[in-house]
**Student:** 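The following block contains the structure, expressed as structure tokens.
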Amino acid sequence: MDKLLELWQASGIYNMQFGQLTMIIVGLLLLFLAIRKNFEPLLLVPIGFGGIMANIPEAGLAFSAVENAVHFAQPEVMQAMAKALGLVSTDPHEVLHAYHGASAAAHDAAVNVAQDSGYNNGMLYNFYTVAIASGAAPLLIFMGVGAMTDFGPLLANPKTLFLGAAAQFGIFATVLGAVTLSMLGIMDFSIQDAAAIGIIGGADGPTAIYVASMLAPQLLGAIAVAAYSYMALVPMIQPPIMRALTTEAERKISMVQLRHISKNEKIMFPILLLILVALLLPDAAPLLGMFCFGNLMRECGVVDRLSDTAQNALINIVTIFLGLSVGSKLSADKFLDVQTLGILILGVVAFGIGTACGVMMAKFMNRMEGGNAINPLIGSAGVSAVPMAARVSNKLGLEANPQNFLLMHAMGPNVAGVIGSAVAAGVMIKFVG
Amino acid sequence: MDKLLELWQASGIYNMQFGQLTMIIVGLLLLFLAIRKNFEPLLLVPIGFGGIMANIPEAGLAFSAVENAVHFAQPEVMQAMAKALGLVSTDPHEVLHAYHGASAAAHDAAVNVAQDSGYNNGMLYNFYTVAIASGAAPLLIFMGVGAMTDFGPLLANPKTLFLGAAAQFGIFATVLGAVTLSMLGIMDFSIQDAAAIGIIGGADGPTAIYVASMLAPQLLGAIAVAAYSYMALVPMIQPPIMRALTTEAERKISMVQLRHISKNEKIMFPILLLILVALLLPDAAPLLGMFCFGNLMRECGVVDRLSDTAQNALINIVTIFLGLSVGSKLSADKFLDVQTLGILILGVVAFGIGTACGVMMAKFMNRMEGGNAINPLIGSAGVSAVPMAARVSNKLGLEANPQNFLLMHAMGPNVAGVIGSAVAAGVMIKFVG
Amino acid sequence: MDKLLELWQASGIYNMQFGQLTMIIVGLLLLFLAIRKNFEPLLLVPIGFGGIMANIPEAGLAFSAVENAVHFAQPEVMQAMAKALGLVSTDPHEVLHAYHGASAAAHDAAVNVAQDSGYNNGMLYNFYTVAIASGAAPLLIFMGVGAMTDFGPLLANPKTLFLGAAAQFGIFATVLGAVTLSMLGIMDFSIQDAAAIGIIGGADGPTAIYVASMLAPQLLGAIAVAAYSYMALVPMIQPPIMRALTTEAERKISMVQLRHISKNEKIMFPILLLILVALLLPDAAPLLGMFCFGNLMRECGVVDRLSDTAQNALINIVTIFLGLSVGSKLSADKFLDVQTLGILILGVVAFGIGTACGVMMAKFMNRMEGGNAINPLIGSAGVSAVPMAARVSNKLGLEANPQNFLLMHAMGPNVAGVIGSAVAAGVMIKFVG
Amino acid sequence: MQNLLSEGLTLMVFGMGFVFVFLTLLVFTTRGMSALVTKYAPDAAPAAAPKPAAKPAVAPAGNNDELIAVMTAAVHKFRS
Amino acid sequence: MQNLLSEGLTLMVFGMGFVFVFLTLLVFTTRGMSALVTKYAPDAAPAAAPKPAAKPAVAPAGNNDELIAVMTAAVHKFRS
Amino acid sequence: MQNLLSEGLTLMVFGMGFVFVFLTLLVFTTRGMSALVTKYAPDAAPAAAPKPAAKPAVAPAGNNDELIAVMTAAVHKFRS
Ligand code: NA
Ligand code: NA
Ligand code: NA
């Protein structure tokens with residue numbers, strides 16, 4: 001009978017907290033959006049599922065060994081833990097707090113106590129450590145994205161890089177928005193938090209995760225969910241802004257056929273980009289370095305089997321672990337917070353501003369050059385969100401003029417946006433990292 | 001001339017112990033069974049080969065750095081090691097014993113001494129640590145199995161879940177058998193050992209390895225070998241039991257065509273199962289969570305490239321490392337023990353009891369419902385051993401009635417058995433883990 | 001304005017050292033050789049790119065956390081670091097030196113200080129630790145190579161193993177050359193360095209990297225670059241030597257058609273080889289064990305999906321990480337040294353001697369047997385460099401006699417050379433490791 | 001020792017009991033789910049819509065196999 | 001607090017400025033590179049040579065897809 | 001220093017010697033193995049049996065390539 005009670009008291013129903021229940025529902029909602037509404041399913045299916053698993057009561061899948069030990073809070077374990085952390089109190093909350101702020105040596109000592117008491121890291125915690133805390137997973141995804149990227153349209157029309165630059169204004173405007181909210185006492189974001197939130201406006205998943213894991217790991221879950229959700233919402237967020245800022249005539253502008261790009265130019269471009277990064281912004285080197293490496297593997301033509309693996313088996317494996325790891329950060333105490341609301345609002349503002357700046361920049365460039373070379377609809381593609389944003393440009397172009405295929409032209413600013421937000425990420429890591 | 005002697009004294013022939021030689025022969029036997037007799041070759045080829053490599057004299061491939069240091073037992077190293085472990089004696093056996101029972105901190109200190117003295121972990125030891133001790137490999141295999149599993153037949157006839165439940169009686173009967181052997185003084189199994197041995201009756205490789213790595217790592221080699229061998233022997237173990245417990249008339253029973261299962265039902269099932277696990281048995285969450293995740297990736301239809309990778313590249317890579325790691329546990333001192341004999345005998349008993357209970361349950365359900373809805377031959381498939389056990393049911397059905405195709409009907413209890421043994425594993429980890 | 005200065009002072013241009021610039025150019029040269037001249041591109045593209053990334057100023061991608069902390073040398077960090085390492089001086093150079101020679105415990109303490117001060121391992125340093133320092137990557141590549149190797153030609157004519165043995169003389173002659181250079185005071189190689197350099201003559205990339213990572217990690221970059229470059233240059237290095245040592249008549253020798261090899265012989269061969277290794281040279285067990293494992297997976301016919309993964313997804317993934325990791329060792333202070341020049345010269349000498357010995361051995365075997373069974377051109381294939389060296393033999397054979405196809409005959413010594421250099425590696429690890 | 005046996009018995013009773021309770025619950029919830037899905041969310045339109053929208057960046061193995069099967073059949077026909 | 005705002009402003013000014021400087025430089029160097037490559041290293045011969053020399057140990061996905069596309073087309077024609 | 005040279009010489013003598021001893025043994029055991037296998041375990045039946053029993057869960061690359069080769073040939077024929 002004791003055993004029956006024990007089973008019951010260890011069950012999920014008995015231990016379910018309101019926050020956990022809510023987060024499980026959030027996880028189910030993410031799965032619904034991913035599966036039924038096609039919101040970036042490759043990421044949101046693993047993230048949603050990981051979020052549900054992370055919130056299973058008593059399973060502790062997203063907890064470290066020490067966190068699991070503190071959760072069960074056996075007196076003798078708390079005593080040993082307090083001693084390892086140099087605390088007098090054995091109150092679980094204080095122990096946990098001390099653990100999170102501990103020096104590396106005290107951290108090790110606490111881990112030793114937890115292991116001696118038979119507690120282990122949860123599965124998702126291990127995945128997070130290996131995939132995200134090490135920085136490896138976002139970088140490998142970026143390598144795979146590089147191996148999938150064709151810089152041809154950008155090389156055919158390099159000035160579209162300016163569109164990719166302009167659209168990054170969304171990032172920095174959002175940073176300013178976040179610090180303003182803090183100033184007004186509405187939210188409580190540090191400058192690191194603000195920078196990590198801003199990067200949502202970069203519309204680039206791995207960059208957002210990489211920056212958030214370095215600057216604001218506690219906001220990682222919300223930031224990743226916002227970034228991928230808004231990328232999926234690009235076809236809804238962008239068109240009204242694009243229509244509002246352009247005239248019918250502008251939307252009808254046809255662009256000249258792109259010139260053919262030689263193999264050698266495509267090989268040289270990632271090398272050139274890497275050298276520029278090396279000379280100007282070493283802090284962007286991991287992100288852009290891996291991106292260029294993937295692209296060079298694609299274009300050089302002599303390592304097709306590596307390029308193929310980077311685009312398929314490797315990126316798929318990493319995506320599974322990355323998604324589950326992000327999901328492990330969807331804990332109630334961090335996600336069910338007014339900050340998440342702030343992040344969601346700031347995120348959509350960032351997307352909007354980025355879109356608007358891209359379009360305005362295109363119009364400005366036309367005026368500067370005194371011509372009509374650029375259809376301003378391709379400016380919005382500068383936020384990245386490859387290839388969704390370019391498709392949106394194309395769709396609006398076709399609406400205005402059924403012969404006006406903008407897809408290839410929009411791919412230029414689209415990939416420029418990837419470079420632009422990686423550069424922005426480097427600057428932020430440099431200044432507030 | 002010294003060097004010649006040195007080479008000779010470091011050679012395998014000079015150092016070969018009887019146990020190592022025997023284990024190398026055991027490894028060769030496993031390879032023979034796998035390659036010639038098709039005993040689950042995907043696992044037994046790596047396990048057999050790993051077993052041979054683990055027993056190469058002086059190579060220490062399956063040893064940790066400390067174990068390698070103790071093997072060579074240089075006096076000054078033993079002295080430092082004893083000091084690190086807080087021992088007075090420098091006797092290698094005592095040092096080794098102290099190391100295996102050391103606290104995490106003393107363990108670290110011993111590792112430091114070994115590294116300072118130039119000893120390293122063997123290759124297979126590293127594989128074991130990463131793949132099995134972390135729990136990752138069995139869980140990833142389970143994810144892949146989930147991605148390969150079609151729950152259609154189960155959804156078409158949910159009451160076949162009862163057959164999968166009944167067949168798990170083999171697991172618990174074996175636990176009882178193991179503790180009885182201990183009680184009678186024939187063997188010396190702890191309750192943890194008994195639980196880990198019982199899970200062989202679950203006829204599910206990754207579940208057995210996962211449970212054994214948590215409850216009785218020293219028995220892991222024997223348990224894994226027994227589990228996979230008996231799964232391969234299902235076509236020989238099950239038929240006599242099935243024939244003995246059924247009449248010719250029962251074996252002739254035709255079952256009604258299964259109804260079509262909609263895509264949406266298949267998508268909802270893994271989510272439903274996950275929620276039940278979350279509510280009732282958090283200890284089964286890692287195993288069943290990853291299983292459901294794999295299945296959801298398969299069925300949701302929007303992440304085909306992830307599902308494809310989980311079923312191919314990823315599960316293959318993990319299988320290679322899992323097999324070699326299990327092989328690293330085939331050391332003479334642990335495998336050449338009367339316990340292994342006990343495990344082998346108990347394992348086959350577990351299979352037999354599980355098979356019998358599945359068949360009896362089917363007959364019981366027919367009687368309850370007062371009809372002839374279920375051919376009792378599909379009950380035996382409840383042990384899992386997917387898809388071998390279902391094929392056995394089909395074969396015996398065809399023998400009795402050449403028009404009687406039971407394969408699809410037997411797939412229901414077959415996959416139910418996988419769920420059933422994962423639940424049983426969760427209960428055991430909860431109670432004795 | 002401060003920020004502007006800060007950005008400038010953190011930029012690559014401002015911090016570029018001459019050595020880094022030179023190494024970036026070396027990296028570009030390697031990319032050129034790989035992409036334009038087809039010098040083993042699968043390895044040299046990642047190595048070259050990794051070399052460039054490793055030399056990006058201030059990025060510290062190839063540095064450990066401690067090295068990064070020492071690079072920035074903040075006084076309070078240096079003080080804490082010196083204390084952790086038991087130093088009085090806080091001079092960065094001395095701290096770094098103490099760190100590299102520290103005991104495992106002091107090493108841990110230094111790492112803790114660096115982490116507490118906010119420094120992290122660079123990305124490439126992490127890749128190196130996981131891929132090469134653990135020994136895993138070269139072994140997995142060897143497994144994949146085993147899975148790609150067909151021992152049929154060797155089994156059809158086992159005496160070609162002698163050619164593979166003779167060609168290893170290049171390895172040991174180079175060792176002697178390296179110690180002679182040291183004796184003469186021209187270079188400063190230890191016996192470990194000499195052994196690691198000699199293995200270049202084995203013409204086998206993963207073997208060279210494995211041995212160098214164990215015996216002379218500081219020379220790893222130069223050794224790997226030399227090994228792969230010379231393997232690519234085999235079509236230029238070997239022919240003059242082969243022509244000089246053979247007469248026109250010898251080159252015209254036709255060899256008898258190889259007999260058909262049964263499946264069972266191919267299955268038994270890797271097992272036989274493994275047992276010989278186990279009995280005679282345990283130190284070669286990791287390398288040859290994984291090689292045999294890969295080959296057994298290929299030949300046994302029952303684990304095709306594992307063999308397929310070992311030959312494709314897994315070896316490709318490992319190659320990417322191995323290449324980048326080797327690149328991380330292309331630092332100016334280690335590569336831009338007169339030692340590298342010595343390594344390059346000794347490497348080409350090793351190739352030449354190996355080639356010559358293979359050819360001479362073939363002629364010697366003909367004389368012994370008093371016949372003309374062996375075309376001496378296949379002797380040069382004994383250096384390995386699979387399948388390049390065998391193709392060279394074939395090409396020269398066709399020049400002399402347009403009907404004389406030597407490719408299959410040369411594959412025998414070619415794969416024998418792989419075994420031979422792995423055995424040589426085992427002997428060296430045994431004696432000087 | 002008696003203790004060990006009683007532990008074993010307890011494990012059997014509770015383990016087996018729990019397995020049955022769990023799978024029985026699964027039977028009923030599954031039936032309920034199937035009924036709900038069949039009534040409120042039959043496949044038809046919703047399942048068809050998302051499929052084409054998903055970007056098949058890489059031709060998934062399944063399709064590939066199918067294609068190959070189709071082609072093999074075609075080739076066989078062609079040969080005969 | 002004022003401090004936080006000024007930090008945010010600085011980040012915006014320098015961040016945005018740097019992004020523009022960097023991408024502007026990229027525009028010019030890219031144009032220069034394209035011009036140089038087109039003049040001194042046009043594709044023609046050099047690109048053709050190395051391709052066949054590379055050992056396509058595994059048929060790369062791209063080719064495979066192409067092949068399959070070609071074959072599907074052929075099969076379709078064949079059927080009609 | 002003399003020491004270093006003698007170490008190098010020893011390494012050469014023993015290393016080269018060992019390589020030859022090892023590969024010589026391999027030559028003889030391989031011949032023995034081949035003779036035994038050819039006599040007692042020729043391929044014929046045993047090798048044929050296990051093959052079909054192995055579940056080719058995934059079409060192995062080899063087969064795939066073959067198929068594609070066959071089909072390409074067929075397609076070429078068809079076109080001409
Ligand atoms: Na962007
Ligand atoms: Na089961
Ligand atoms: Na060699």
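Below, chains carry the letters A, B, ... as their sequence lines are ordered, and counting in each starts from 1.
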**Student:** How would you list, in number order, the residues of residues 151-160 of chain A that have a heavy atom less than 4.5 Å from chain E?
**Tutor:**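 Within residues 151-160 of chain A, near chain E: A:L155, A:P158, A:K159.
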**Student:** Are any of the side-chain heavy atoms of A:F169 and E:V19 separated by less than 4.5 Å?
**Tutor:**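 Heavy-atom side-chain distance check fails, nothing below 4.5 Å.
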**Student:** Report which part of E:M16 has an atom under 4.5 Å of a heavy atom belonging to chain A: side chain, backbone, both, or neither.
**Tutor:**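 Looking at E:M16, backbone and side chain both touch chain A.
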**Student:** Would you name the heavy atoms of E:L25 and A:L276 that are closest together and state the gap between them?
**Tutor:**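 The pair with the smallest heavy-atom distance is C-CD1, 4.2 Å.
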**Student:** Check whether A:F269 gets within reach of chain E through its side chain, its backbone, both or neither, counting any heavy atom under 4.5 Å.
**Tutor:**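 Both backbone and side chain of A:F269 come within 4.5 Å of chain E.
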**Student:** Do other residues, nucleotides or ligands put more than 12 heavy atoms under 6.0 Å from the CZ atom of E:F20?
**Tutor:**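 Yes, the 6.0 Å shell around CZ holds more than 12 heavy atoms from other groups.
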**Student:** At a heavy-atom separation under 4.5 Å, does E:T24 approach chain A through its side chain, its backbone, both, or neither?
**Tutor:**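 Backbone plus side chain of E:T24, per the 4.5 Å heavy-atom cut-off to chain A.
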**Student:** Would you find a donor on one side and an acceptor on the other, under 3.5 Å apart, between the side chain of A:N264 and the backbone of E:A41?
**Tutor:**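 Side chain of A:N264 to backbone of E:A41, a donor-acceptor pair under 3.5 Å: yes, one is there.
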**Student:** Is there side-chain contact between A:F162 and E:L23, with at least one heavy-atom pair below 4.5 Å?
**Tutor:**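 A:F162 vs E:L23: side chains apart.
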**Student:** Only counting residues at least two apart or in another chain, list the ones meeting salt bridge (Lys or Arg N to Asp or Glu O under 4.0 Å) with A:R259.
**Tutor:**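 Once residues adjacent in sequence are excluded, the partners of A:R259 under the salt bridge (Lys or Arg N to Asp or Glu O under 4.0 Å) criterion are A:E265.
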**Student:** What option among A:I191, A:V427, A:V175 has the most heavy-atom pairs under 4.5 Å with chain E?
**Tutor:**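 So the answer, after comparing A:I191, A:V427, A:V175, is A:I191.
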**Student:** List the steps, then state whether side chain to side chain contact (heavy atoms under 4.5 Å, CB included) holds for E:T10 with A:F431.
**Tutor:** CA-CA 10 Å; E:T10 312; A:F431 278 145; 5.9 Å; no
**Student:** Under 4.5 Å, counting heavy-atom pairs only, tell me which of E:V37, E:L36, E:V27 racks up the most with chain A.
**Tutor:**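 Ranked by heavy-atom pairs under 4.5 Å with chain A, first place is E:V27.
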**Student:** I need the A:L176 CG to E:L11 CG distance, nearest 0.5 Å.
**Tutor:**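 These two atoms lie 9.5 Å from each other.
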**Student:** Non-hydrogen atoms of chain E under 4.5 Å away: do they reach the side chain of A:A424, the backbone, both or neither?
**Tutor:**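 Contact with chain E involves both backbone and side-chain atoms of A:A424.
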**Student:** Using side-chain heavy atoms (C-beta onward) and a distance below 4.5 Å, is A:V277 in contact with E:F22?
**Tutor:**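 Yes, at least one pair of side-chain atoms sits under 4.5 Å.
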